[in-house]
Every structure is written in C-alpha cells, then in structure tokens.
Protein chains: 2
Amino acid sequence: MTARTPADGSPHGVASVDGVAGRSSGREIPEATVARLPIYLRALTSLGERGIGTCSSEDLAAATGVNSAKLRKDLSYLGSYGTRGVGYDVDYLRYQIAREIGVTHDWPVVIVGIGNLGHALANYSGFRSRGFRVVALLDAAPERHREAVAGLEVRPFDDLEEIVAAETVAIGVIATPAVAAQDVTDRMVASGISSILNFAPTVLSVPDGVDVRKVDLSIELQILAYHEQRKAVPDIDDNPEQEVIA
Amino acid sequence: MTARTPADGSPHGVASVDGVAGRSSGREIPEATVARLPIYLRALTSLGERGIGTCSSEDLAAATGVNSAKLRKDLSYLGSYGTRGVGYDVDYLRYQIAREIGVTHDWPVVIVGIGNLGHALANYSGFRSRGFRVVALLDAAPERHREAVAGLEVRPFDDLEEIVAAETVAIGVIATPAVAAQDVTDRMVASGISSILNFAPTVLSVPDGVDVRKVDLSIELQILAYHEQRKAVPDIDDNPEQEVIA
DNA sequence: CTCGTTTTGTTCTTCTGTTCACAAACTCCT
DNA sequence: AGGAGTTTGTGAACAGAAGAACAAAACGAG
C-alpha cells in the first residue's frame, strides 16, 4: 500500500508516456483489454471476499482463465499498480479497475420490454452489486402496467423521456421483441441515452456517439453447434453435394 | 453455381491449400468468421421472408452492419456461392450457411437452473426456430419440480444422465447461481455433453474437447459503462494525480 | 550490504483479423 | 456478338491481439 506514492511513476523516470505529457489517462486501452477488465474485477472481488490480500499475476490468471502475460499487459495499460517480487494488492487493484471502468458509483439503467427476459433482467441481482441500478421498467403493453417486478412498478413506455431526464439515465436495456427494438432505440437515443444493451435479435442503427452491445442467445448456441458438428465428424465433410452442380 | 465442382479450387490452379490436398472441408474457418455466420443467417432468413430472392454483398452488409469486403471474405471461406455481377441467391446461401453451422437439423438442448433466467430461456421461441430444441428443464430444488414451464415439466437434476443418453444431447445451458455452476458442469461433461452455454457469472473449468461459451450480463453493461464514462469526460481524467510524481 | 529469488512491466515476435483494391466472371443492352 | 456496367472472390497491405522471453525492481536471508 505504501507503494502507492510512485503512482503511475513509470519506473525508468519517464513521467510522460507517448509524449502525451500530462494526460495520465492518455493511454488508449485496447478494446480486447476493456472486455477483460470486468472479468478481473469480478475475480478480485471474489479473492477479496475470501480474505486474500495479495495476489500474483499467475493467481489472477488462474482465477480468470487468462494467460498471465496477457493479464499483466492488460493491467499495465491502467498503470503500474503491482509490486515486483510481490504481486498486486487485491483491494487496491480492484479499486483501480473499478475506477477505470467507471463503476465506482452506480449507473442508473432503464429496462424496456418486461416479458420473460425483462423479468429475469429486472430480478438479476448482479446488476446492483456490479455498478448498476435499475431505475425503471417500461413496457408498451397496458396490461403489464402496475404489475410490480422486483419491487418496481412497470410503467408505460411513454414515460421514458421523463424518467431519463429525471434520473440522468445514460444506459438502456432493450428486451422487447425484435420488431419493436428499432423504435425503442430511436426513442432512447432521442431522450438522451447513449449506451444500449440489446437483447432483441435485430441489428440496430444508431447515430455516431451511441454505443450498442448485443447479446444474442441463439447466436451463441449456433457458434457452439458449429464446433460441435466439427467434433462429431472430425474429418469427413457432411456435405454430400457432388450432385448439386449441373 | 456450376463453380461447385472445383470445390476449393483456388483460381490460380492451386488445388491444395496448405498442402492439405483433398479435404474439401479442410478450409479452416476463422473464429471471427464463425461468430458472424449466424448473423448472416438471420439476415438471409429475414430477406427470404420478405420475398427477396437475390442480394448483393452490399445489401447483406447493410442488413447486418458488417463491411461488405469482410462479408465477402467470410463467405469465401465456405466456398464460392455467389455469382459475379449478380450477387447471392438468398435461399441457396442461407442453406449453405445453415449447413456449415450445422443447424439444418435441430440440436437437442437441456437447460439446468429454472430460476428467472431459466424461465426466460425455456420460453424463448428463438431457439426453436434457429436450430435448437429444448428437451428438458432441470433444477435441483424439489419445489420447482412438476411445475410446467413452456410446456415442459421441470425435472430433478439427477435425471440429467438419463436424459442426455436418451436424447443424445450434446449441448447444455447453465442458468444456475454461480456457486452451483461448476458442479453442474462436471455432471454435464461426465454425462457426455461437450458444449456448454454458461450464464452463471463464474469461470468454468472443463477438460479438453469441451467448449464453453459464456454470456455475462453485467460484463456487457460494464463495457458500456467504460465507454460511457469516456464520453462524459472526453479529455480530463477523473484521477487527479499530477502531484504524485515527486 | 550483498546475493538469490520472485514477480512485474515491457519489448519483440508471431498470429489473427480487417481493409483495400482489382482481375475475373457474369448480365444486359445495343 | 461485343462492349459497358456490376459484383464477386482474393491477393496484398495493414492493424490489432496474443504469447514468449527477459531486464528491472522489490523482497528476504545470511
């Protein structure tokens, strides 16, 4: 912990990296690394809860299923938060990653589409504990309103703008049928939301500056199926298609 | 279309790539491409339903949000299924992709853990229409048994081996709490399942030859949060640490 | 205080994936 | 039939990510 003082002091006395002088956050973190930071964060939380105060890159690599060299390189983008010969302070590193990701404070989130999946998402406790707070559940269907899910009333979709403005919501989750997803997206964007997590099986178009991530359950299964098929028929091809031609 | 005969015949007369000679399925499809094939498949299905018989790589690229050159290269790994100057036959290409992925017939799937998420998955109609058939819902908790979800009875987890053997199930879905996930995995693997889709927020360890894909809802949100944070504070860093250096 | 051990942070190499750009192949029009 | 216009399939350049390997930094023992 005392090791904190040299902060980002790059060992070899180079105070500024890339010639970017003062901007200590000037390090551009590669996308692949960003996608792994949450994994490290979760593993560190778990280690911390088990009372482990320090861990090496090998330990953390084992806990996350990542190659230790890759892990060290990932962490090095954030700064120099380890101690050579010792390892990383679990709590300290966890805080640094949380800060880098931006989950030291909670992000308000709205969920639109309270069907089966929306229910599950609303009830998912992992959001709360990992930096997100569901502030509203919205659905266009009147028969779903007033129903209480996870302690929140389901409200009309038309309340979107009001809620986004009142709570400064930046992140929206779409769990509607595919056909409604683009409309919901447009309304979200218009109301000020600039990051969307989309569970609807459709490609959304959004203006620049808005991020969309998509989670598609059947795509994941299809990727598994592809590899599964290759296992089953390791060598032979299952296309009996000589005849087709002509 | 006639172009099928030369199989992988690379134009410049190189019949065997990599020296792998005759293996027509020897084309190794890059992982990144495999992950996009289901997207193309879905878009083609949608085009087909709209009565569109032919599409160019530009059309399909627009529908999927992918660069058209990348799309063409992806498709070229499967074979030469387009016609220069014309484009791709929607149905024909769709069939070829489905065959490559291995979803021309349905894959039986079991879902373990019928909580909120398990419910949602069991009811998700997209599985059925995209090459998967949920053959059983399993849960360790006795109070969940006999409950009917999506037309299937929830059965005891101990029935796993019997079901997997009876239906030759190769793919399992884990929607249990994190703490149970590794045990469920071990049982699945022992019973013969070799592809797992994991929704539990934990790293699974599996023997070689078993594939695991993980879907983690809060990780997706955290990735969005990272970028969102960067938008909010485009330049200034939120760590006020100039003083440190010494 | 010096030596040996540990473990980080980083450089260099290799691999994988993306994008560009264009010849080859096809259609359609005249 | 020939030429103009499209669109594919792919080689080659480029970019990004992963992995191996090692010097620099910290610690502890003697």
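Any value given below was found using the heavy atoms of this structure, including those in side chains, with hydrogens, waters and symmetry copies removed. A note on names: the letters A, B, ... follow the listed sequences, proteins ahead of strands, and every chain is numbered from 1.
- Between D:dG9 and B:Ser80, a contact under 4.0 Å exists linking OP1 or OP2 to a side-chain N or O.
- Atoms CG (B:Leu78) and P (D:dT10) sit 11 Å apart, rounded to a whole Å.
- What separates OH of B:Tyr77 from P of C:dT16 is a distance of 11 Å, to the nearest Å.
- Nearest heavy atoms, A:Gly48 versus A:Val90: N-CG1, 3.8 Å.
- Listed nucleotides: C:dC26, D:dG9, C:dT7. Nearest to the side chain of B:Arg72: D:dG9.
- When every heavy atom of B:Ala43 is checked against every heavy atom of B:Thr64, the shortest pair comes out as CB-CG2, 3.5 Å.
- With C:dG9, C:dA25, D:dT10 as the candidates, the nucleotide lying closest to the side chain of B:Arg84 is C:dA25.
- Whole-Å rounding puts the A:Asp89 CG to C:dT7 P distance at 15 Å.
- Between the side chains of A:Arg42 and A:Ser46, not a single donor N or O lies within less than 3.5 Å of an accepting N or O.
- Within residues 204-215 of chain B, no residue has any heavy atom under 4.0 Å from DNA chain C.
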List every contact pair, protein side and nucleotides 17-19 of chain D side both N or O, where the distance is under 3.5 Å.
unit_1 : atom_1 : unit_2  : atom_2 : d
D:dA18 : OP1    : A:Arg36 : NH1    : 3.2
D:dA18 : OP2    : A:Arg36 : NH1    : 3.3
D:dA18 : OP2    : A:Arg36 : NH2    : 3.0
D:dG19 : O6     : A:Lys73 : NZ     : 2.4

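- Contact check, B:Ser57 against D:dT8: a side-chain N or O comes under 4.0 Å of OP1 or OP2.
- Residues B:Thr176 and B:Ala200 come closest through the heavy atom pair O-CB, 3.5 Å.
- Taking a cutoff of 4.0 Å between a charged side-chain nitrogen and a carboxylate oxygen, A:Glu100 and B:Arg230 qualify as a salt bridge.
- For the pair A:Asp59 CG and C:dT7 P, the interatomic distance rounds to 8 Å; values are reported in whole Å.
- Taken to the nearest 0.5 Å, the CZ atom of B:Arg94 stands 7.5 Å off from the CG atom of B:Leu41.
- Contact check for A:Ile97 versus A:Leu75: side-chain heavy atoms found under the 4.5 Å cut-off.
- Taken to the nearest 0.5 Å, the CD1 atom of A:Ile174 stands 8.0 Å off from the CD atom of A:Gln182.
- Between B:Leu75 atom CG and D:dT7 atom C1' the separation is 13 Å, expressed in whole Å.
- The phosphate of C:dG9 (OP1 or OP2) has a side-chain N or O of A:Tyr88 nearer than 4.0 angstrom.
- The distance from atom CD of A:Glu58 to atom C1' of C:dG9 is 14 Å, rounded to the nearest whole Å.
- Taking B:Ser56 as the reference, B:Asp59 meet the side-chain hydrogen bond (donor to acceptor under 3.5 Å, both in side chains) condition, with sequence neighbours excluded.
- Put simply, CD on A:Glu28 is 13 Å from C1' on D:dG16, counting in whole angstrom units.
- In this structure, B:Tyr81 places its OH atom 14 Å from C1' of D:dG9, rounding to the nearest Å.
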